[in-house]
There are 2 protein chains.
Amino acid sequence: MALSLKQIEKISKALGDANRLRILQHISKKGGCGQCSEIQGLIDLTQPSISHHIKILIESGLIEPEKEGRNLKYTLNERLFKDYTASVTQLKF
Amino acid sequence: MALSLKQIEKISKALGDANRLRILQHISKKGGCGQCSEIQGLIDLTQPSISHHIKILIESGLIEPEKEGRNLKYTLNERLFKDYTASVTQLKF
DNA sequence: GTTATATATTTAAATATTTCAATATGTTTA
DNA sequence: TAAACATATTGAAATATTTAAATATATAAC
């Protein structure tokens with residue numbers, strides 16, 4: 001599915017930060033991310049900052065939150081990754 | 001070729017602006033962009049602002065400047081577009 | 001129901017980005 | 001060489017983003 005220019009802009013912005021890229025990499029590696037405070041070990045930011053970055057990723061649609069028992073789990077929205085890269089390649093939005 | 005995290009960050013930032021996306025679309029449509037001041041008709045910004053956006057696109061590597069007789073022509077770096085989308089899909093950088 | 005743990009929100013400061021006006025540079029043609 | 005045109009740079013204001021400290025909320029275990 002082709003995305004709108006606004007969607008491409010929002011997703012690109014979400015991808016335009018080293019910390020958020022690291023979070024995505026981590027989630028990707030784990031196929032989700034059980035205890036999300038793992039990320040605090042990964043990137044050197046306080047908990048509220050990490051929460052803020054995760055919010056931006058969720059709002060872009062790139063990840064989706066899910067309850068996993070007591071904690072939250074975030075999963076990549078692979079459909080949207082595909083639509084994004086296809087749209088960017090074609091520059092049609 | 002896999003890009004570095006820093007490269008992905010920079011390219012994503014370059015893509016994270018509606019005006020720059022419109023510039024890219026325009027270049028794409030024309031297969032280059034003869035007189036670049038065409039863009040002033042396209043997006044409602046002053047000449048220096050457009051020049052600034054083009055600079056960011058050049059620094060990201062997404063477009064390349066070339067002399068075309070009297071004026072400048074910008075061409076898409078299709079190789080880099082491909083590498084970018086491949087890297088983002090795999091989240092390996 | 002209190003405590004502990006995980007995540008979110010609010011507020012404010014620091015930093016970065018976007019934009020324009022003014023000016024500069026570079027190239028071509030007269 | 002001067003005039004005309006295309007593009008770039010500088011400086012400053014407006015806006016947006018990133019970050020942390022303090023606090024709030026939500027859920028599970030006790």
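Just so we're on the same page: letters track the sequence lines, and every chain starts at 1.
Put simply, the side chain of Ser28(A) never gets that close to the backbone of Leu24(A): no donor and acceptor are under 3.5 Å apart. A distance-only check finds no donor-acceptor pair linking the side chain of Gln7(A) to the backbone of Ala2(A) [under 3.5 Å].
Of the two residues contacting DNA chain D, namely His52(A) and Pro65(B), the nearest-nucleotide position lying further toward the 5' end is that of Pro65(B).
The interatomic distance linking Gln40(B) (CD) with dC20(C) (P) rounds to 10 Å, in whole Å. Rounded to whole Å, the distance from CD on Glu59(A) to P on dT18(D) is 12 Å. Atom-to-atom, NE2 of His53(B) to P of dT7(D) comes out at 16 Å; the value is rounded to the nearest Å. Taking atom CD1 of residue Ile39(B) and atom P of nucleotide dT19(C), one finds them 14 Å apart after rounding to whole Å. Following rounding to the nearest Å, Ile54(B) (CD1) and dA8(D) (C1') show an atom-to-atom distance of 11 Å. A straight line from NZ of Lys10(A) to P of dT17(D) spans 10 Å, rounded to a whole angstrom. Between the P atom of dC20(C) and the CG atom of Asp44(B) lies a distance of 8 Å, rounded to the nearest Å. One interatomic measurement links the two molecules: CD of Glu9(A) to P of dT17(C), which rounds to 15 Å at whole-angstrom precision.
Among dC20(C), dT9(C), dT7(C), the nucleotide with an atom closest to any side-chain atom of Pro48(A) is dT9(C). Minimum atom distance to the side chain of Tyr74(B) is reached by dT7(D), of the listed dT7(C), dT7(D), dT17(D). Out of dA8(D), dT9(D), dT7(C), the shortest distance to the side chain of Gln47(A) is found at dT7(C). Among dT9(D), dT19(D), dT17(D), the nucleotide with an atom closest to any side-chain atom of Leu45(A) is dT19(D).
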Quiz item: Could you walk me through whether Leu91(B) and Phe81(A) pass the side chain to side chain contact (heavy atoms under 4.5 Å, CB included) check?
Solution: CA-CA 10 Å; Leu91(B) 287 172; Phe81(A) 271 85; 4.1 Å; yes

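With respect to Tyr84(A), the side-chain contact (heavy atoms from CB on, under 4.5 Å) criterion is satisfied by exactly one of Thr89(A), Leu62(A), Ile11(A): Ile11(A).
Regarding contacts with the backbone of dT17(D), every side-chain N or O of Lys13(B) stays at 4.0 angstrom or more from both OP1 and OP2. In terms of phosphate contacts, Ser51(A) brings no side-chain nitrogen or oxygen within less than 4.0 Å of OP1 or OP2 of dT7(C). A close approach under 4.0 Å does not occur between any side-chain nitrogen or oxygen of Thr46(B) and OP1 or OP2 of dT19(C).
If you check every strand for non-hydrogen atoms under 4.0 Å, Ile58(B) touches nothing.
Residues from residues 15-23 of chain A lying near DNA chain C, meaning a heavy-atom separation below 4.0 Å, are absent.
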Using distance only, find each side-chain donor-acceptor pair of residues 40-53 of chain A under 3.5 Å and give its atom names and separation, not counting sequence neighbours.
| from | atom 1 | to | atom 2 | distance (Å) |
| --- | --- | --- | --- | --- |
| Thr46(A) | OG1 | Ser49(A) | OG | 3.2 |
| His53(A) | ND1 | Arg20(A) | NH1 | 3.0 |

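Applying the salt bridge (charged side-chain N to carboxylate O under 4.0 Å, His left out) test to Lys6(A) and every residue at least two apart in sequence or in another chain returns Glu9(A).
To the nearest 0.5 Å, atom CG of residue Leu15(B) and atom CG of residue Leu15(A) are 9.0 Å apart.
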